[in-house]
Each structure stands twice: as C-alpha cells, then as structure tokens.
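This report refers to the structure that appears directly beneath it.
This chain uses plain numbering: 1 for the first residue, then up along the sequence.
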Amino acid sequence: MVLVLGVDAGGTASRAVVATRDGTVVGRGAAGPGNPTAAGTAAARSIGAAVREALGEHDPASVCSGVAGIAGAGVMADPEITAAFTVEWAQCGLTCPVTLVGDAVTAFAAGTSAPSGAVLIAGTGAVAARIDDWRVSRTVDGLGWLLGDEGSGMWLGLQAVRSIARAWSGPTVDAGLAATIAARAGVTTCDELVQWAGRQRPAAFAALAPLVCAGATAGDALAERLTTEAAARLVATLDELGPPDGPVVLAGSLLTNTTPVRTAVLATLAGPAGTAGDPAIGAAWLALRQITDQEEAARLHHRMLRPDREASLARH
C-alpha cells in the first residue's frame with residue numbers, strides 16, 4: 001500500500017495524518033507543541049510522536065511522500081534543529097524525504113488547489129501570507145502577541161481585559177462580557193483583575209476569545225466593538241500584501257468557525273474567499289500532489305478537503 005504523510009505543527013499542538021494514494025485518511029496522531037522557534041528540538045520529538053501515532057500498524061517504509069507544515073519553519077536553518085528532525089524521521093522509520101514548508105502553505109492548501117494566492121490566518125495568533133507556487137513569498141504580521149498578531153484570539157482576549165480594567169469604576173463590574181470575564185477570572189474588583197492578569201500565561205488571554213465572540217453574538221456593546229475592530233485589523237493586514245495572484249483562503253479558528261470576526265471579515269473583503277479545512281489533510285494533499293498529475297491532484301483535493309470544510313462550518 002502506498003501512503004503519504006501530512007503534518008500540521010504549531011505552537012499549541014502537532015497533528016499528523018496518513019493517507020492512501022486515493023486520498024483516504026487511514027491514520028491520525030496528535031502530540032505537543034511543534035514550533036521549533038518556541039520549543040527548540042523538543043518540537044521534533046512532538047512531531048515524531050504524532051507521526052508514530054498516525055502510522056499505527058502501517059509500515060513506515062510504505063510512505064513515499066511527506067509534507068510538514070511547521071510554524072517557525074525559518075528556524076530550520078539552525079543545524080541543531082535540522083539534525084533533531086533528521087533523527088526523528090529516522091526513528092519513525094521513514095525512508096522518504098519529508099518536505100518542510102511554513103504552516104501558512106498547508107493552511108492555504110487546505111482551502112484551495114491553486115498554487116498561488118493569499119491566506120489570512122487568525123487563531124491564537126494572526127498572519128497574512130502571499131503564496132507563490134506553494135511557497136511563502138511574503139508575510140505581514142505574525143509578530144507574536146507582544147508586537148503584533150492584531151485581530152487574533154490573543155489580541156481579542158487582551159483587549160477585552162484591558163477595556164474592562166479601564167472601565168471598572170464601581171464596587172461591582174457591569175453585566176455582559178465584563179461580568180462573564182470577571183467570573184472566569186474569579187475576581188470581584190479591578191485590583192483583583194489586574195493581579196489576575198499579571199499571573200497569567202499568554203494562552204489564558206487567547207482562551208477568552210470565545211467569550212468575546214459569544215458576547216458579540218448576544219449583542220454586548222464591548223464585544224461587538226472588539227470583534228469589529230479585530231476584523232478590520234485582519235483585513236488591513238491582508239491588504240498590506242497587495243492584490244493576490246489567486247484565491248484568498250481564510251484559516252484559523254476565528255475565521256473557519258462561524259464567529260462575528262469571520263462574518264465581519266467576509267463582509268469587508270473586496271472579493272470572495274475560501275475557507276480552509278484541516279491543515280494536516282492539506283499537508284497530506286501536498287504530499288500526494290508530489291506523486292500525481294495536476295488533474296488527479298485537483299480531484300483528490302475536492303475529495304479530501306471539501307467535505308472537511310463543509311463539516312467544520314456545519315458544526316459551528
């Protein structure tokens with residue numbers, strides 16, 4: 001049996017997919033963070049664990065093509081990181097080359113079979129990337145929560161806490177989003193909110209993004225303002241790339257689920273946009289593309305990823 005491997009590795013988790021020559025997924029695996037910029041050589045071990053789980057009882061030698069979309073792929077120029085991945089692939093039993101690309105490429109491939117265009121990603125972080133012939137040619141933002149990631153889940157959570165702290169003027173917080181976040185934090189005063197915020201890791205603020213989106217859907221004024229501003233910042237980030245030479249794909253949880261941010265982005269974009277499915281399957285499709293012709297690759301893309309996109313939107 002001929003198999004291909006697809007990997008989607010980010011700062012939160014690593015996921016792997018093994019598929020057959022006809023695009024049928026026959027194995028999935030997941031493990032810890034796979035961003036080598038943040039996790040160093042441990043990223044390779046996490047990705048390796050996800051790959052081994054996805055392979056299961058399948059013979060690793062039957063994998064004839066592999067693609068891994070990795071956040072922080074630029075750090076692969078570091079010899080220590082490169083060596084760690086070489087060792088991990090060997091320990092997984094893989095005998096084929098594994099092509100490493102930026103995670104923006106696999107996100108783009110999860111939404112279209114076109115070779116060039118643009119992708120706008122908004123999840124925990126946010127970035128826009130121009131894709132030319134399956135390579136990232138330019139990015140805007142993606143600078144991390146301290147310097148950028150404007151309109152991301154992290155940005156939404158931070159802006160919500162900042163806005164609530166500045167507006168908290170009485171013995172109790174107002175109703176709506178402010179009360180919801182205060183309850184999540186377990187605080188009853190502004191001073192307690194400030195102290196809580198100072199103790200949190202960045203991921204705690206990103207975890208507040210669903211509360212902001214729910215608040216906007218319910219008509220909370222603060223939440224509506226923040227989600228509208230998030231969408232405006234994301235569209236501005238995409239516009240900095242200039243006109244794309246192909247389709248625009250929306251990716252990341254804020255833009256693939258039915259959220260107020262997605263709705264506002266779609267309403268603002270000058271043209272239509274596709275929606276990414278599972279980036280790990282997008283990576284597996286890129287691996288299949290390396291061993292098939294263009295017409296067959298387009299057919300496989302529709303088979304593998306359109307049902308995935310439709311199921312994702314239906315769930316939300």
| With a 4.0 Å cut-off, would you call R233 and D141 a salt bridge? | no
| task | List the steps, then state whether side-chain contact (heavy atoms from CB on, under 4.5 Å) holds for W196 with R184. | result | CA-CA 11 Å; W196 173 84; R184 170 67 68 88; 5.6 Å; no
| field | Test item: side-chain donor near acceptor, E80 and T41, under 3.5 Å | value | no
| query | Does the salt bridge (Lys or Arg N to Asp or Glu O under 4.0 Å) test come out yes or no for R138 and D132, once each step is laid out? | reply | CA-CA 9 Å; R138 187 187 176 201; D132 288 309; over 6 Å; no
| What closest approach, in Å, do G32 and S46 show between heavy atoms, and which atom pair accounts for it? | O-CB, 3.4 Å
| Are C213 and P260 close enough that some pair of their side-chain heavy atoms sits under 4.5 Å apart? | yes
| task | Taking the side chain as every heavy atom from C-beta outward, state whether V18 and V25 have any pair of such atoms under 4.5 Å apart. | result | no
| Do M1 and L3 have side chains that get closer than 4.5 Å, going by heavy atoms? | yes
| said: Quiz question: by atom type and distance under 3.5 Å, do the side chains of T275 and R262 form a donor-acceptor pair? | reply: yes
| field | Heavy-atom side-chain contact between V127 and V140 under 4.5 Å | value | no
| query | Do side-chain atoms of S152 reach the backbone of T124 as a donor and acceptor pair under 3.5 angstrom? | reply | yes
| When rounded to the nearest 0.5 angstrom, what is the spacing between CG in L269 and CG in L120? | 7.5 Å
| field | side-chain contact (heavy atoms from CB on, under 4.5 Å) evaluation trace for F108 with V136 | value | CA-CA 10 Å; F108 180 73; V136 175; over 6 Å; no
| said: Between E88 and R52 (salt bridge meaning N to carboxylate O under 4.0 Å), is one present in this structure? | reply: yes
| message | Pair Q159, S163 - check side-chain hydrogen bond (donor to acceptor under 3.5 Å, both in side chains), show working. | response | CA-CA 6 Å; Q159 292 302 315; S163 297; 5.1 Å; no
| request: Please report the C-alpha distance between V7 and V67 in whole Å, then the side-chain angles of each, then the deciding distance to 0.1 Å, and finally whether the side-chain contact (heavy atoms from CB on, under 4.5 Å) criterion is met. | output: CA-CA 6 Å; V7 174; V67 171; over 6 Å; no
| query | Judged by atom type as modelled, is there a donor-acceptor pair below 3.5 Å linking the side chain of H301 to the main-chain atoms of A109? | reply | yes
| query | Between the side chains of D22 and T20, is a donor N or O closer than 3.5 angstrom to an acceptor N or O? | reply | yes
| message | Count I, L, V, M, F, W, Y as connected when their side-chain heavy atoms are under 4.5 Å apart, and connections chain through other members. Are V26 and V98 then in the same cluster? | response | yes
| message | Is there a continuous path of hydrophobic side-chain contacts, each under 4.5 Å between heavy atoms, that joins L300 to I291? | response | yes
| query | So do the side chains of V105 and R135 get within less than 4.5 Å of each other, counting heavy atoms only? | reply | no
| request: Would you mind reporting whether P279 and R15 have side-chain heavy atoms less than 4.5 Å apart? | output: yes
| query | Rounded to the nearest 0.5 Å, how far apart are OG1 of T268 and CG of L238? | reply | 11.0 Å
| Value rounded to 0.5 Å, distance of OG1 in T106 from CH2 in W134 | 11.0 Å
| query | In Å and rounded to the nearest 0.5 Å, what is the CH2 to CD1 distance from W168 to I164? | reply | 8.0 Å
| request: Indicate the atoms forming the closest heavy-atom contact of L94 with L5, along with that distance. | output: CD1-CD2, 3.9 Å
| query | Does D278 use its side chain to pair, donor to acceptor, with the backbone of A280 at less than 3.5 Å? | reply | yes
| message | Using modelled atom types and a 3.5 Å cut-off, is there a donor and acceptor pairing between side-chain atoms of E53 and backbone atoms of A30? | response | yes
| request: Look at the side chain of T292 and the backbone N and O of L288, then say whether any donor-acceptor pair between them is shorter than 3.5 Å. | output: no
| request: May I ask you to test the W145-E150 pair for a side-chain heavy-atom distance under 4.5 Å? | output: no
| message | Quick check against the 3.5 Å criterion: does S14 have a side-chain atom that pairs as donor or acceptor with the backbone of G34? | response | yes
| query | Can you tell me if T227 uses its side chain to pair, donor with acceptor, with the backbone of A223 under 3.5 Å? | reply | yes
| field | N/O donor-acceptor pair under 3.5 Å between S116 side chain and G246 backbone | value | no
| query | Does R130 pair with D245 as a salt bridge, N-O distance under 4.0 Å? | reply | yes
| task | Begin from the C-alpha positions of L193 and D191 and carry the test side-chain contact (heavy atoms from CB on, under 4.5 Å) through to its verdict. | result | CA-CA 5 Å; L193 180 64; D191 285 345; over 6 Å; no
| task | Kindly give the heavy-atom pair with the smallest separation between L254 and G153, and that separation in Å. | result | CD1-N, 3.4 Å
| remark: Between P210 and A206 the two heavy atoms that sit nearest each other are CD-O, 3.9 Å
| task | Check whether any side-chain N or O of E192 sits under 3.5 Å from a backbone N or O of T188 as a donor-acceptor pair, and report yes or no. | result | yes
| task | Rounded to the nearest 0.5 Å, what's the gap from CG on L250 to CD1 on I121? Could you check? | result | 10.5 Å
| Interatomic distance, I81 atom CD1 to L100 atom CG [nearest 0.5 angstrom] | 11.5 Å
| message | Which heavy atom of A287 sits nearest to which heavy atom of V4, and what is that distance? | response | CB-CB, 3.9 Å
| request: Over all heavy atoms of both residues, which pair between N35 and A71 is shortest? Give the atoms and the distance, please. | output: OD1-O, 3.0 Å
| said: Strictly below 4.0 Å, N to O, side chains only: are D220 and R225 in salt-bridge contact? | reply: no
